[in-house]
Amino acid sequence: MDLKSNHASPVLTDPAPINKSRLGIHSSLLPFSQQAASLSSTKYMTIPRKKPGKLDDVRSNGWLDAMKSSSPPRKKLLMDFNIDVASDDADFAYCSWMLKYPSALNFFEQIANYAQNKKIAMFLDYDGVLSPIVDDPDRALLSNDMRCAVRNVAKYFPTAIISGRSRDKVYDLVGLTELYYAGSHGMDIMGPLSHTVSDDHANCIKSNDEQGKEVNLFQPAREFLPLIDEVFRTLVENTKGIKGAKVENHKFCASVHYRNVDEKKWPIIAQCVHDVLKDYPRLRLTHGRKVLEVRPVIDWNKGKAVEFVLESLGLSNRNDVLPLYIGDDRTDEDAFKVLREGNRGYGILVSSVPKETNAFYSLRNPEEVMKFLNSLVAWKEQGGAKCIV
Ligand SMILES: O=P(O)(O)OC[C@H]1O[C@H](O[C@H]2O[C@H](CO)[C@@H](O)[C@H](O)[C@H]2O)[C@H](O)[C@@H](O)[C@@H]1O
């Protein structure tokens, strides 16, 4: 198979599962042995330079609409939600939305009661959840107070960070050794050694963490490393003329940021990414907050990463476990969905504006996330008793 053929559209949905292992891991995650055989290393060295096309593709395929609705201005969101912004009562609109997605702080007692006699497993996204959204991704630092809150939560509950960033980057930002980390949207998971998922799985290898402790490394997109590296370099090259554009290499995926690009140039950056992806049918695009994410076409996402971590910890399919997932963008919806569909736990969406979501609860911003984490710790320290509502 020619990995760089022009035939397929890069905008693909996840492939249907073909076969399942006993862990529910799809065969699409197993090595593409034959395809991989055709990957000659020299092929990766050519960086095609392309001029943006006529901007027609991104107008017709919905990319531009998706870009506009990512981190949209408040007014636009309220209109999308059929809320009359002319009444200028945005707070009222938010409060109405909260009837459907109640505040995890206001409904803390309810969550605590669900968690009574259960073990909470805490999943946290990084950007927009632990750290506020800022213009420069390199400056999205974790405050000491938030670090302290996460550290305390991890004392009582197994805690994992599931981020779109590379695992190394998010570990450097968080800096807590007591957590589990899943980088590249869950395609790079470092977790505990586990009898349930380790030895018999092709994508799982034993490794050592920063302290030299033996851990399991799960990298279902391992074979895509050279391809991502190549596409990253192509994207850097092809977007270098677009003021404000920034491309990040997250090892198993690449991010093209347009937060600092003049909105008039968004069609150009979208077309540019589209043109690059046309040559890579095994890569696809997802949308984050003012970021286009390029990732392998494999049936893996943050929801699968949550299932994998629970399995590794021996916490899946147990009714004495309550997973909670706090996230803020579209890529977190896969995790919310897994928890909602399996009736397993609760997603908490961090948003200051009304948004459709698969989460159950909401929080407005990272500040409220910190209060929520601190409340969980306080509740646990008081014995985790049933709350009288
Ligand atoms: O899954 P996450 O941990 O939420 O990571 C998603 C993306 O986060 C970062 O970008 C976002 O945050 C930046 C800093 O606040 C902001 O400038 C950018 O506009 C946001 O999209 C990160 O840089 C991306 O690579 C991640 O994919």
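Reckoned from all heavy atoms, side chains included, excluding hydrogens, waters and symmetry mates. One-based numbering, in listed order, for ligands and for the atoms of each.
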If you define the side chain from C-beta out and look only at heavy atoms, does anything of Leu292 sit under 4.5 Å from Thr286?
no

Quick check: does any side chain N or O of Tyr114 sit under 3.5 Å from a backbone N or O of Gly345, one acting as donor and the other as acceptor?
no

If you measure every N or O of Ile162 against every N or O of ligand 1, does any of those distances drop under 3.5 Å?
no

Show the atoms of ligand 1 that are less than 4.0 angstrom away from any heavy atom in His250.
24 (C), 25 (O)

Rounded distance [0.5 Å steps], CD in Glu178 versus CG in Asn152:
9.5 Å

Tyr126 side chain reached by Val174 side chain, heavy atoms, under 4.5 Å
yes

Could you list which atoms of ligand 1 come closer than 4.0 Å to a heavy atom of Pro132?
15 (O)

Taking distance alone, with N or O pairs closer than 3.5 Å, would you say Asp136 contacts ligand 1?
no

Nearest neighbour in protein (non-hydrogen) for atom 3 (O) of ligand 1:
Ser163 OG, 2.7 Å

Region of Val129 engaging ligand 1 - heavy atom pairs below 4.0 Å:
neither

Looking only at heavy atoms of Gly327, does any of them come nearer than 4.0 Å to an atom of ligand 1?
no

Proximal ligand 1 atoms for Asp135, defined as those under 4.0 Å from one of its heavy atoms:
17 (O)

Run the salt-bridge test on Asp299 and Lys304 with the 4.0 Å N-O cut-off and return the result as yes or no.
yes

Numbered in order shown, the ligand 1 atoms found under 4.0 Å of a heavy atom of Glu293 are 27 (O)

Under 4.0 angstrom from ligand 1, any heavy atom of Lys302?
yes

Assess the pair Phe308 and Phe218: is the distance between their ring centroids shorter than 6.0 Å?
yes

Atom 23 (O) of ligand 1 sits nearest the protein heavy atom Glu248 OE1, 2.7 Å

Looking only at protein heavy atoms, identify the closest one to atom 10 (O) of ligand 1 and say how far it is in Å.
His257 CE1, 3.4 Å

So, do Phe224 and Phe252 have ring centers that fall under 6.0 Å from each other?
no

Who's the nearest protein heavy-atom neighbour of atom 6 (C) of ligand 1, and how far?
Asp329 OD2, 4.1 Å

Any N/O of Arg289 closer than 3.5 Å to an N/O of ligand 1?
yes

Which ligand 1 atoms are under 4.0 Å away from a heavy-atom of Arg165?
9 (C), 22 (C), 23 (O)

List every atom of ligand 1 that sits less than 4.0 Å from any heavy atom of Val291, numbering the atoms from 1 in the order shown and giving each element.
21 (O)

among protein heavy atoms, the one nearest atom 8 (O) of ligand 1 is Asp127 OD2, 2.9 Å

Can an N or O of Thr331 be found at a distance shorter than 3.5 Å from an N or O of ligand 1?
no

Proximity to ligand 1 by part of Ser131, non-hydrogen separation under 4.0 Å:
neither

Could you check atom 15 (O) of ligand 1 against the protein and tell me its nearest heavy-atom contact, residue, atom and distance included?
Val134 N, 2.8 Å

Identify whether NZ of Lys or CZ of Arg in Arg340 sits under 6.0 Å from the centre of the six-membered ring of Phe360 and within 45° of that ring's axis.
yes

Got the closest protein heavy atom to atom 4 (O) of ligand 1, with its distance?
Asp125 OD1, 2.8 Å

Got more than 12 heavy atoms from elsewhere within 6.0 Å of NZ, Lys118?
yes

A quick test of your reading: do over 12 heavy atoms of other residues, nucleotides or ligands sit less than 6.0 Å from CG of Asn319?
no

Select the closest option to atom 19 (O) of ligand 1 among Arg295, Lys290, Arg259, judged by heavy-atom distance.
Arg259

Out of all atoms in ligand 1, which are within 4.0 Å of some heavy atom of Ser255? Include the element for each.
24 (C), 25 (O), 27 (O)

Shortest non-hydrogen pair, Ser163 vs Lys302, comes out as C-CE, 4.1 Å

side-chain hydrogen bond (donor to acceptor under 3.5 Å, both in side chains) test vs Tyr325 passes for just one of Asp125, Asp332, Asp334, namely Asp332

Are Asp65 and Lys68 close enough for a salt bridge, meaning some N to O gap below 4.0 Å?
no

Could you tell me which atoms of ligand 1, counted from 1 in the order shown, lie closer than 4.0 angstrom to a heavy atom of Tyr126?
3 (O)

Of Val291, Val261, Ile269, which meets side chain to side chain contact (heavy atoms under 4.5 Å, CB included) against Val256?
Ile269

